[in-house]
Protein chains: 2
Amino acid sequence: MSIWLEDSGSKPSRSRRSEQPSGLDRERITDATVKLLDAEGLAKFSMRRLASELGVTAMSVYWYVATKDDLLELALDRVFGEPRLPATDATEEGDAPDWREQLRELAAEYRALIVRHPWTSTLTGNFLNVGPNSLLFSHAVQKVIAGTGLSLPRQRGAIASVFQFVYGYSTIEGHFVQRCAEAGMTQDEYFREAMSAFRAPPELADTFQHTEEMMSAIEGGESVEQMRDLDFQAALDLQIAGIEALVAQEAKQAGR
Amino acid sequence: MSIWLEDSGSKPSRSRRSEQPSGLDRERITDATVKLLDAEGLAKFSMRRLASELGVTAMSVYWYVATKDDLLELALDRVFGEPRLPATDATEEGDAPDWREQLRELAAEYRALIVRHPWTSTLTGNFLNVGPNSLLFSHAVQKVIAGTGLSLPRQRGAIASVFQFVYGYSTIEGHFVQRCAEAGMTQDEYFREAMSAFRAPPELADTFQHTEEMMSAIEGGESVEQMRDLDFQAALDLQIAGIEALVAQEAKQAGR
DNA sequence: ACCTGAACACCGTTCAAGT
DNA sequence: ACCTGAACACCGTTCAAGT
């Protein structure tokens, strides 16, 4: 089911004993996997490619890992250790940072993670993603949202709303960045290229009119990257405003 | 770059001339592709598998389609034709439906599309997704958001916020549904199984306390599916409240 | 305990050849 | 114009064998 659920963890971890002939190790294997996935993408990643990178036969890796999917799960949880999480024990009253600030920071960290490692989003979709680092991340998310003062059912809605948005947004963004890199273009070049290669279906002319209006409707949005930053922030603003509105609404109902 | 951008459309479409020896056709090929992707998932889909389904050699398909990716783009745009879009020309004043209602319906249609065809989200990530049906869908989204009365830059934020949320949420949901089907379990069975196989790391005990509180915090959320419906609606509530708050805020600033 | 080699059943795609 | 077969360079994984 998952390497993190019992039974699949049967292969010993062999992390601390680095006197192997080839110096192999789950740690080193996971390292190399992440590096390869970053460099060449999920589609090109293979056990044979990884093994050759490690200077070893393809089958050696199978001593440390039961299956390719298990290895991908390890890599996935590995990168979920990267985001800086808000200090969880701000027990003192005065200096506890505002939930808005925490939310923005955590969202930015999550976005950066996915854009840095675009393969991450494909894997979170395909696996359960319940490794230790992923759990710590989820915990941080829950804590931040709990700080809003929403009721528990609405906290669940808010978590879904904010972090599935970040997931979706960053997935598209990350894949686009990767495509540009593969084509050897900057994002602006790629974007202009795609735009000019576009033969708009005549019956959709008005669609593009509205779209282009919206595209140029942002001051300070000269580059693709700037536009994406602005959109991302605008969406977070919307969600924060939504949370505030629901908090106020619940307070009013309670006061009645 | 994409089958929808010039140059890649070089292979003739051959849609109308169905007198081929094998009765092959882009239409029929795309049909079979969607059916196979639905039944067995993106990972198991292959040109050879598809060809055998069509009663034909693997290489026959390449007469109609330049590459596997092109075919996947065709399948992707095909299913984007499924959602019912709001009637776009509600020009009469009185009976134009509320944007809130339109938004909920379009979000529900999008969610249903992704859950029905979980491979869709992987592909929207990997391709540009600028086929005619996808464009019509985007157009509908833009029209609905334009109905909120937000300023253009904020419309962009709102589109990202709502529809990337739906994308992210439904992606996870769809993949989970698919996993359950492959394992031959109901969603509740799979969920309980995963939960019981779970060996919680001791230092995360408090995480799970809070998590379990939240899990059981929903009345009427007995089944996994009910809970997901409730969370989805709660998230949409939040986003709609956010849009309303920003509309009000902009109105106030304009009035000053 | 750790690593290898050969083998199996697959891939996407090219290319020359058939009708 | 449409379809096939053989071939190339790949996959993940099994299994018996080496040290």
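Residue numbers start from 1 in every chain, and the chains themselves are labelled A, B, ... in the order their sequence lines are given, proteins ahead of strands.
Across the protein-nucleic acid pair, Asp25(A) atom CG and dA1(C) atom P stand 17 Å apart, rounded to whole Å. What separates CG of Leu24(A) from P of dA1(C) is a distance of 17 Å, to the nearest Å.
Base pairing in DNA chain C gives the following stems of 3 or more Watson-Crick or G-U pairs, range against range and under 3.5 Å: C:4-8 with D:12-16, C:12-16 with D:4-8.
For the salt bridge (Lys or Arg N to Asp or Glu O under 4.0 Å) test, no residue two or more places apart in sequence or in another chain qualifies with Glu189(A). Looking at residues two or more places apart in sequence or on another chain, you find a side chain to side chain donor-acceptor pair (under 3.5 Å) between Arg84(B) and Glu109(B). Residues forming a side chain to side chain donor-acceptor pair (under 3.5 Å) with Asp229(B) (at least two apart in sequence, or on another chain): Arg111(B). With sequence neighbours excluded, no residue forms a salt bridge (Lys or Arg N to Asp or Glu O under 4.0 Å) with Glu193(A). Judged as a salt bridge (Lys or Arg N to Asp or Glu O under 4.0 Å), and not counting sequence neighbours, the contacts of Glu82(B) are Arg116(B). Taking Asp69(B) as the reference, nothing meets the side chain to side chain donor-acceptor pair (under 3.5 Å) condition, with sequence neighbours excluded.
In this structure, Trp63(A) reaches the dC2(C) phosphate: one of its side-chain N or O atoms is under 4.0 Å from OP1 or OP2. Side-chain nitrogen and oxygen atoms of Ser60(A) include none within less than 4.0 Å of the OP1 or OP2 phosphate oxygen of dC2(C).
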### Message
Does Trp4(A) form a side-chain hydrogen bond (donor to acceptor under 3.5 Å, both in side chains) with Asn129(A)? I'd like the steps, not just the answer.
### Response
CA-CA 8 Å; Trp4(A) 304 114; Asn129(A) 201 18; over 6 Å; no

#### Entry: Letter per nucleotide, 5' to 3', of nucleotides 5-19 of chain D [B base touched, S only sugar-phosphate touched, - untouched; heavy atoms, 4.0 Å]
B-B---BBBB-----

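Contacts classified as side-chain hydrogen bond (donor to acceptor under 3.5 Å, both in side chains) and involving residues 162-172 of chain B (residues at least two apart or in different chains) are given here: Ser121(B)-Thr171(B).
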